Amino acid sequence: MSNSILEGAAAAGPARSAAATTTAATTTVMSMQQALNRALDEVLAENPQAVIFGEDCGRLGGVFRITDGLQAKHGEQRVFDTPLAESGILGMSVGLAMAGFHPIPEVQFDGFAYPAINQIVCQIARMNYRSRGTMPMPITLRVPSFGGIRAPEHHGESLEALFAHVPGLKVVSPSNPHEAYHLLKYAATRPDPVIFMEPKSRYWQKGDVDLAHCDADGGDPTGAKVMREGRHLTLVAWGAMVARCLQVAELAAEDGIDIEVLDLRWLKPIDAEALAASVRKTRRAVVVHEAPLTSGLGAEVAQLITQSCFDTLKAPVERVTGFDVPYPSGDLEDEYIPNIDRILFGIQRVLEYKRG
Amino acid sequence: MSNSILEGAAAAGPARSAAATTTAATTTVMSMQQALNRALDEVLAENPQAVIFGEDCGRLGGVFRITDGLQAKHGEQRVFDTPLAESGILGMSVGLAMAGFHPIPEVQFDGFAYPAINQIVCQIARMNYRSRGTMPMPITLRVPSFGGIRAPEHHGESLEALFAHVPGLKVVSPSNPHEAYHLLKYAATRPDPVIFMEPKSRYWQKGDVDLAHCDADGGDPTGAKVMREGRHLTLVAWGAMVARCLQVAELAAEDGIDIEVLDLRWLKPIDAEALAASVRKTRRAVVVHEAPLTSGLGAEVAQLITQSCFDTLKAPVERVTGFDVPYPSGDLEDEYIPNIDRILFGIQRVLEYKRG
Amino acid sequence: MDTLPVASGAGAEPLTPAQLRELYSLMVAVRHLDTSAIAWQRQGIIPGYAPELGQEAAQVGSGYAVDTTRDFVFPTYREMGVARTMGVDMVAYMSTHKATWHGGLYNPMESRLAPIQAVVAGSVLHAVGWAHGQTLAGTADGKLGVALTYFGDGASSQGDVHEALNFAAVMKAPVVFFVQNNGWAISVPTERQVAGGSVAARAAGYGMPALQIDGDDVVAVVEATRRAFAHARAGNGPVLIEAMTYRRGPHSTSDDPGRYRSLDEERDGAGADPLERFRQRLLADGIADEAFFAEALAAAKAEEEQIRTGIQALGSRPGTEMFDLVFQETTPALQAQAANWREESEHV
Amino acid sequence: MDTLPVASGAGAEPLTPAQLRELYSLMVAVRHLDTSAIAWQRQGIIPGYAPELGQEAAQVGSGYAVDTTRDFVFPTYREMGVARTMGVDMVAYMSTHKATWHGGLYNPMESRLAPIQAVVAGSVLHAVGWAHGQTLAGTADGKLGVALTYFGDGASSQGDVHEALNFAAVMKAPVVFFVQNNGWAISVPTERQVAGGSVAARAAGYGMPALQIDGDDVVAVVEATRRAFAHARAGNGPVLIEAMTYRRGPHSTSDDPGRYRSLDEERDGAGADPLERFRQRLLADGIADEAFFAEALAAAKAEEEQIRTGIQALGSRPGTEMFDLVFQETTPALQAQAANWREESEHV
Ligand SMILES: Cc1ncc(C[n+]2csc(CCOP(=O)(O)OP(=O)(O)O)c2C)c(N)n1
Ligand SMILES: Cc1ncc(C[n+]2csc(CCOP(=O)(O)OP(=O)(O)O)c2C)c(N)n1
Ligand SMILES: [Mg+2]
Ligand SMILES: [Mg+2]
């Protein structure tokens, strides 16, 4: 996973150029922001029906610059600003989809998806069903998500449990630039609505991106992905927590504990088989997420693991998550988001579990 | 549990009269609609700051008649109709709470809570925290909930997993008239926001109501409640599914299977101790809910049980729930809502589970 | 309240006698089907229904202006008359009231009628998005497809309506917002719902032309809607029409209007029956005679019978559709649930 | 756009020279604190800030009309000038920009200023509810407490604003909707945000009086707000004021306006500096002199220093508050989480 060889090339690299430039050397270093930007650029180039819109997406390029330069390149018809109203943005997406477009709306921050929940749950998620498959909703909703950037209130929410519970939605979250590039390109070409949750604390982290294919098998990036193999315990995570879990695994390795890190990637549908395969081997699991504990997606993951691995499990699946409290301000963020220590404590509880 | 003795009295009974009429004979037969109506009547009489409002709550008495007669009795200042806008209703509740009132808003149907989610999640649930405890939000939101009445689209939703995930909310659902009366009176006198989910398919079912106290111990109705004791397996349910689980338990008893039925009542906070106590005894559990499976509250319940009873459990906790599909129309409702057969299959899977 | 520039209303020739008779036939067909549906409900043929009694002129008149080769219509749950006027398969339409399928069994893309919408104000924004799509797609002949979206006086209180009006006006989207102000939102009268008293009056605040019209005069409705369509079609942006009418029946078959309005109030509020008004006018103008009216009614009855037969013949939908129609690309989890469901229901 | 009946504006005597000087002092204090906060951010004292440069007249002028013994104010994230004018503890207020506590550390009930609100249009409905509460509670002297709610041109697009305007007007609630139209919502200019071009123009559609005023003229702002308060206080219902101003700075310290507007555009759009305008007027009218201005600036500087010292002294909040402040009545589950957190953070 050495980035250094290509680092120089990437600095002057083609992060904002169009899709057609795939060369023999398909691996490059990008930040997640660059990878997402490039994916959108290519989607616009490849699909004339794709349109991007939202608050400040156009001229400004989005508050996180994910749509940077896209309006200038593809025109104001393809990439445009809307008035400041999230229900309006998502409601409009339904109509655009009916008119044959592939809308790629943005909600500026996770916490501002709530005003659009009615349109997302009652309309976008159900229209294919309601219309008996005659009105597909190929809508890719980008939501800068999760915490970790010391942001103002409502700028650090984790809505995956809510979205994953809604029939008719698919939900995905990338953990690094490589995943971001591929998962966004994949999501934005699907005929069904996909909520694309971008871990905003990782936007500026760089990493290798192999533009040619996402997974080793070259197939569609549809399931979970083992980011680190291990024998003693499976850490399940998504979004920004994957990198943290990889750090934890490194630390644990120093103590001779060999941890497998599974990037769930798709939060709906969840790859139950990957969970089973990993935990059948490791016999222990900890699931980590930023969202509050109660009724979080960790419960679903834990229950799926317990269902498939009940006989092999050495200890109940442990959850290390945010607390059942409003997302806090400033320094308290470090207490709220699962930190390395808390994840290690969770691992310890599982490893030390004794049947009584 | 014989209703027949008091049936006559109840027909001419005091279901809509004020609170002060408690007599020596404190048990009466009421429908859940009557019990809720009476609870609200008493709350209005006992707390001059309580106000009830929503769409068609006033003159009409609500589409389910839960507020029937309350405007005529307590006046248009205490019970009033609002314009047709759920975000408006909940947003207004925040201001009324700040002004010292105890708002008891109604959302006409579960599916129409979605337009108010922004106000519920970002404002009502957080205001006590945001204001450092200086602006409590004693708001009791009544939501006619769940399916089972062959209603039009959006009239049969189960939002408990969403609400339970939101820090700052409490969530409760009654399963029969007795619980309805007491839980509503309790909820509507709390200083914190409570989402009160009324199982609309049970509104017209009658049952004994002991007006004097809710639980045998005479304490506050704060935790879960064993509705039927049993030794072989614990069925966990809430709302309308409790009655169905009791039916199932009767059927299972014919086969010599002795089932304990636990009415969870509070969906947030969940009574983890009651779950543990029951399953420590029965060593097997099935959780039943109407909401879709994935990321439903059943996952949380199952995981809480697994955490506390990992060593005693004979089989993984089973979930019998709605499917991950939009709530269907007409006859398909019977396929979607956990029916007796599906619950029995779930029980069978648990009972027949063999460690392998 | 007529703030629509007259110039832009050009091209709308007066209705021909044949067209006027057609409008009458449509209104009779709708009236007959509507009142029959209430009877169906009483007879247990359908579990529920939301009648549009008294709104036939507003619905038939507005639906009549639609060009189904290029426009798209976004109804609520009460636009049976619009569907009928547009030529939608009425068994497929009425199936929603049989509780066969939420949204109806008709093909919305082919019918140019979006699925029946149960969320108040739910589809108003969809119309704006669809209309903006027409602008983005462009037009060879300078004539845009127009989105026609319906909502009620009650729905006008929803935030989504405001967002839709603003989006449409900012983007100059070809939308006609057609408000049927029928005086009631279930039990709440317009005066306690619509501050200021008029939905049409809101349009000016968005720089949007508006027409407040007699919604019980079918000719006035056709003419207003045509003017609005011409305006939007030419790329001049959205128009709002507020058709003043009256919900003569209950909100739905499970409503009891006696709890919130008296029969006297109903009679005063409703005014003259739009169907009878139109009949008198056709008679007075010598455009139709009793024979024609009798024929129209007979046709309406025959039609109703056919639809009823179709509705009665409708079985339940197969349970597999619950799973198969959720996505275009299904998921392993959903397939597993479907398999599980199949297994458990076959056991039984 | 002045649709507020003149009669109802009675009782607002002209501002006295002392009051005019007080207004100036407030504006200088606000300007100085505001520009200092940007410096604080650059120096790492606070992580971020949303400047109100150019909106001092609108904020000080409107806040000046508040009677903190009976009114209640609902700010956004940009009403520092209102808070200062109302006499809120400014260390407690600015603490939100230190990321000490979302909403600020001041006591909103005692300050009569709702917590700082980060959801655009989030608290507009709260104002309506609070105001309706005043109507319900009644008043002994015929004078109602008034809710003053702030929002921007961008926020005006949100559905909640429409619902609030309609609710307030239907219920005749004593609310003053104070819109600061500062030309921008982050990168989107008013002309692509507010269809029709004016938020004040929306009010007529609700039968609500409105004033569109020069928001950079502090005297005009005070007078308009007082008129609106008098109207609402007397039970005549809500009023909307649109104060035309300009966001001279970036949206926040992390914004880069160079990406969406040129310096020339900024200069043209902003017009004359409201503080300088007021200074010239006071000079011309002989109400204040250079000595007074120098004194006011010195006081502002001293004040800013004190606030900065207070902000720098602010530590982090203890983690237990995360758990203790969620509910009035805590829950076993939350207590268990708190215990777990305490244990794990003490281990470290
Ligand atoms: C968002 C939402 N809230 C509440 C309801 C319940 N409901 C159904 S129809 C109705 C009244 C609608 O009144 P109006 O818009 O005037 O239409 P009308 O029924 O008069 O045709 C209400 C409150 C709903 N369907 N959707
Ligand atoms: C519901 C919601 N959506 C988006 C945002 C992100 N956001 C913060 S401020 C802002 C622009 C607000 O513009 P305006 O209302 O004009 O107020 P101003 O910033 O000019 O004072 C946006 C889009 C938000 N805070 N809340
Ligand atoms: Mg109506
Ligand atoms: Mg602005």
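To find a chain, count down the sequence lines: A is the first, B the second, and so on, and within it residues start at 1. As the structure is a computational prediction, the values presented were derived from the model and not from experiment.
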Does any N or O in the side chain of [X] come within less than 3.5 Å of the main-chain N or O of [Y], such that one atom is a donor and the other an acceptor?
| X | Y | value |
| --- | --- | --- |
| Q123(B) | S123(D) | no |
| N166(D) | P83(B) | no |
| D192(B) | E329(D) | yes |

How about K143(D): does its NZ atom have over 12 heavy atoms from other parts shown lying under 6.0 Å from it? no
Does atom CD of Q312(D) have more than 12 heavy-atom neighbours from other groups under 6.0 Å away? yes
So which of [options] has the largest heavy-atom pair count under 4.5 angstrom toward chain D?
| options | result |
| --- | --- |
| G100(B), G168(B), G133(B) | G168(B) |
| P115(B), P138(B), A99(B) | A99(B) |
| M98(B), R126(B), Q49(B), M127(B) | M98(B) |
| M137(B), R190(B), K170(B), E273(B) | K170(B) |
| R78(B), M92(B), R132(B) | R132(B) |

Steps toward ring-ring contact (aromatic ring centres under 6.0 Å, His included) verdict (F80(B), H132(D)): CA-CA 12 Å; F80(B) 53 93; H132(D) 188 57; 5.2 Å; yes
Heavy-atom proximity to chain B below 4.5 Å, by part of [X]:
| X | answer |
| --- | --- |
| Y106(D) | neither |
| Q134(D) | side chain |
| I116(D) | backbone |
| V326(D) | both |
| M322(D) | both |

Distance-minimising heavy-atom pair for [X] and [Y]:
| X | Y | result |
| --- | --- | --- |
| Q328(D) | P136(B) | NE2-CG, 3.5 Å |
| S131(B) | P115(D) | CB-CG, 4.1 Å |
| P108(D) | T134(B) | CD-OG1, 3.2 Å |
| S87(B) | D160(D) | OG-OD1, 2.6 Å |
| I89(B) | F167(D) | N-CZ, 3.8 Å |
| G103(D) | R130(B) | CA-CG, 3.9 Å |

So which of Q117(D), H102(D), H162(D), M171(D) has the biggest tally of heavy-atom pairs under 4.5 Å with chain B? Q117(D)
Under 4.5 Å from any heavy atom of chain D - which part of A272(B): neither
Mind checking whether L96(B) and L136(D) have side chains closer than 4.5 Å, heavy atoms only? yes
State, yes or no, whether a side-chain contact exists between N118(B) and V119(D) at a heavy-atom distance under 4.5 Å. yes
Working to the nearest 0.5 Å, report the span between CG of L90(B) and CD of E163(D). 10.0 Å
Could you check whether the rings of W101(D) and Y129(B) sit parallel, tilted or perpendicular, using 30° and 60° as the cut-offs? tilted
